[in-house]
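Since the structure comes first, as structure tokens, the remarks are kept for the end.
To find a chain, count down the sequence lines: A is the first, B the second, and so on, and within it residues start at 1. Below, all heavy atoms of this structure are taken into account, side chains as well, without hydrogens, waters or symmetry copies.
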Amino acid sequence: MQVYKAFFKIIKKNLIEISIYLLVFLFFAILMTTTGSDRQNIGFEETKKNIAFINNDKESEIVAGLRDYLSEKANIVEIEDDAEKLQDALFYRKVEYIVRVPAGFSDDFLSGKEFQLEKTTVPNSTAAIYMDSLINKYLNTASIYLKYSDSASQDEIIKNIKKDLEAHTQVTVNSFNTKKANGQKYMYYFNYMAYSLFSVMILGVCAVMIVYNKTDLKRRNHCAPIKTRNINLQLLFGNLSFALIAWALMVSTSFIFYPKQMFSLNGLLFLLNSLVASVTFLSISFLISNIIKSKNAMSAAANVVSLGFCFISGVFVPQEMLGETVLNIASFTPTYWYIKANIRIAETVEFSMKHLKPIFTDMLIVLAFALASVTVALVIMKQKRTSEA
Amino acid sequence: MVIKVENLVKRYGDLIALDHFNMELHEGEVLGLLGPNGSGKTTAINCILSLLKYDKGNIEIFGKPMSPDAYDIKRDIGIIMQNVAVFEELTVYENTDYFCGLYVTDKKKRRALVDEAIEFVGLKDFKKFYPKKLSGGLLRRLNIACGIAHKPKLIILDEPTVAVDPQSRNNILEGILRLNKEGASIVYTSHYMEEVEQICSRIIIMDKGKTIAAGTKDELKSMIKAVEKVTVEVYQPNEGVLTGIRSLNNVISAEFDGEMLVVKCGKGSHNLMMILEHLKANDILFGKVYSEPPTLNDVFLEITGKELRD
């Protein structure tokens, strides 16, 4: 096992350069875990909008009740009832909604006549829709009480409306298709892992293979009583061991940062997907090592190939933010399919064959890249052997 | 017979690198392959080691045909390549251990062999050094340690002293003789005739892929007419001096090399005295005087009409 041992001695000599990528990855992993929050993705938080409430009617109990109710759901900003000032307030977003209670509204409403509240809003404002629904809710409830409780006083009606509208229902959304929010954070962890893993793989594999591809050393090894197949086999085991160690090191931190998620089926799929990607990155690194000849070229290849592939594939910028042309080009890289599989894994909650099939298809495409890379590498090696003989 | 090469032909396209080359190495011998750069020495070695495919001929080592998968033969061969072939990432000890380990699997035995080889080449104090930290001479010694650590019966050294300082060169040559004394048969290729003369018991002179002469150094030198070269510093060299010298008995040739009169003489006694008396009799002033036997370069020059270092 001389070759296998020498493999790791060479890796050891290049460890500093390789470790940089590991450390950068760990730094980003910690950063991702400790900063930012995905609370907005998993829950609902009510926010209060600024509105103006202009009353041109008398100060009736129904108007006061409406104002009180709206003040609980929005911030009522006091603005002088002047057309220009009200328009300025809307323009400068001091308020997003102005509701005007016309004169005679209370009487018309209590007698069951038709009435119309005036409103002025910022165009296409979601606040307007929300405020409309609140006003409608209040007035509809009030109408029902007026219609069916003839004997009740205005004061009692207002109290009942208030009581009714204070009732809250706990809503739980059960989605059988997506739970995107939960998987987002550790999906990014695995997405970013592609860059570090790819770089580490190129640097490690090339560092050793460049040495073993040196003509003088190759010839010297051929003089020894050891089969070329044996040397190649030991190198293969060395490469596989290195890939496995690099992968294990990187995924092991995921168990520290996301222990709960990693011990789930999603976690298992993330692990499997990253392992498949590791095999492909290893194959591409092997191909690169047969093309480049110097250590300088090795560093350049590690940066250009891994960074280039990862950038257009959505490792750093989400795929949904990349242009169609970029994504079309990226589809010729394994990182694109790796990220795609990660996105699908993050969204999967039902582990039926129907849902898993697209994930496994993506993984198979990633493996196809490995096969293609090894094939090309073998052709190059054969050509080199022929020219040397 | 350790090595037997018969009618070896190797072509690179139209270029014939080896043209029916023959070679024999007997047990305990130090055989020198001498020839100018491009004469086919390294090609011959590469063919012998099955590193190169050849077009025609037979190669036998230890009485068995040599082939790329003749691992039992390879086990007893030590090779020191022209270019230093070591791992930059491994220390002196690790490098020697790596190459020794390709031949010797037993760890304990290997450890002893590696220590012995490192001590043999004088790198004991540099065990933990990386090749980058070694001088050219020390690097060559490491190359030798890697080639001989497994105690081979046959050692092939392909120009091991190229770009090495004189002191390191002497160390290397002494080491080769010690290895030979310990029982190894050696093939030594070089274009430095002094080295080959110094250590080889038999010499093959090569040119353009062919053997042009073979034998011991004395046998080779006896192949040529000149047996003595006399060099005299003459203060007023002129054509008349040359005509006079050339007319003397036993003088084969006389030429001026600047102010130095170079006279090649055939077999005879008192050649030097005869030349000096002639100069004195003709009132020709002279200074430094040298007399030396012919070198392998003279042999090469007489056979090929060109110098070894051309």
Give a yes or no on this: more than 12 heavy atoms of other residues, nucleotides or ligands lie within 6.0 Å of atom [atom1] of [X].
X	atom1	answer
K214(A)	NZ	yes
Y71(B)	OH	yes
Y93(B)	OH	yes
K153(B)	NZ	no
F332(A)	CZ	no
R178(B)	CZ	yes
L15(B)	CG	yes

- Task: Sort and list the pairs that fulfil side chain to side chain donor-acceptor pair (under 3.5 Å) and have at least one residue in residues 127-148 of chain B, not counting sequence neighbours.
- Result: D115(B)-K127(B)
Nearest non-hydrogen partners of [X] and [Y], listed with the distance:
X	Y	answer
A85(B)	D216(A)	CB-O, 3.7 Å
I79(B)	C223(A)	CG2-CB, 3.5 Å
N221(A)	F99(B)	OD1-CE2, 4.1 Å

- Query: Who among T105(B), N83(B), I73(B) has the most heavy-atom pairs with chain A under 4.5 Å?
  - Reply: N83(B)
- Query: Would you say the side-chain atoms of R220(A) pair up with the backbone N or O of C146(B), donor to acceptor, closer than 3.5 Å?
  - Reply: yes
- Is the side chain of K74(B) donor-acceptor paired with the backbone N or O of H222(A) at a distance under 3.5 Å, no angle test?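 Flag set: sc K74(B) to bb H222(A) pair under 3.5 Å.
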Tell me, side chain or backbone of [X] under 4.5 Å from chain A's heavy atoms, or both, or neither?
X	result
I77(B)	neither
D97(B)	both
L49(B)	side chain

- Task: Under the side-chain contact (heavy atoms from CB on, under 4.5 Å) rule, what do Y98(B) and V3(A) come out as? Steps first, then yes or no, please.
- Result: CA-CA 8 Å; Y98(B) 171 84; V3(A) 180; 3.7 Å; yes
- Task: Any chance you could measure I231(A), atom CD1, to L102(B), atom CG, to the nearest 0.5 Å?
- Result: 6.5 Å
- Heavy-atom side-chain proximity of T91(B) to K9(A) below 4.5 angstrom: no
- Task: Could you tell me whether the side chain of K13(A) reaches within less than 4.5 Å of the side chain of L90(B), counting heavy atoms only?
- Result: no
- Interchain contact, K227(A) with chain B, by part (heavy-atom threshold 4.5 Å):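 Backbone plus side chain of K227(A), per the 4.5 Å heavy-atom cut-off to chain B.
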- Verify side-chain contact (heavy atoms from CB on, under 4.5 Å) between E88(B) and V211(A), making sure each step is shown before the conclusion. CA-CA 8 Å; E88(B) 295 285 330; V211(A) 173; over 6 Å; no
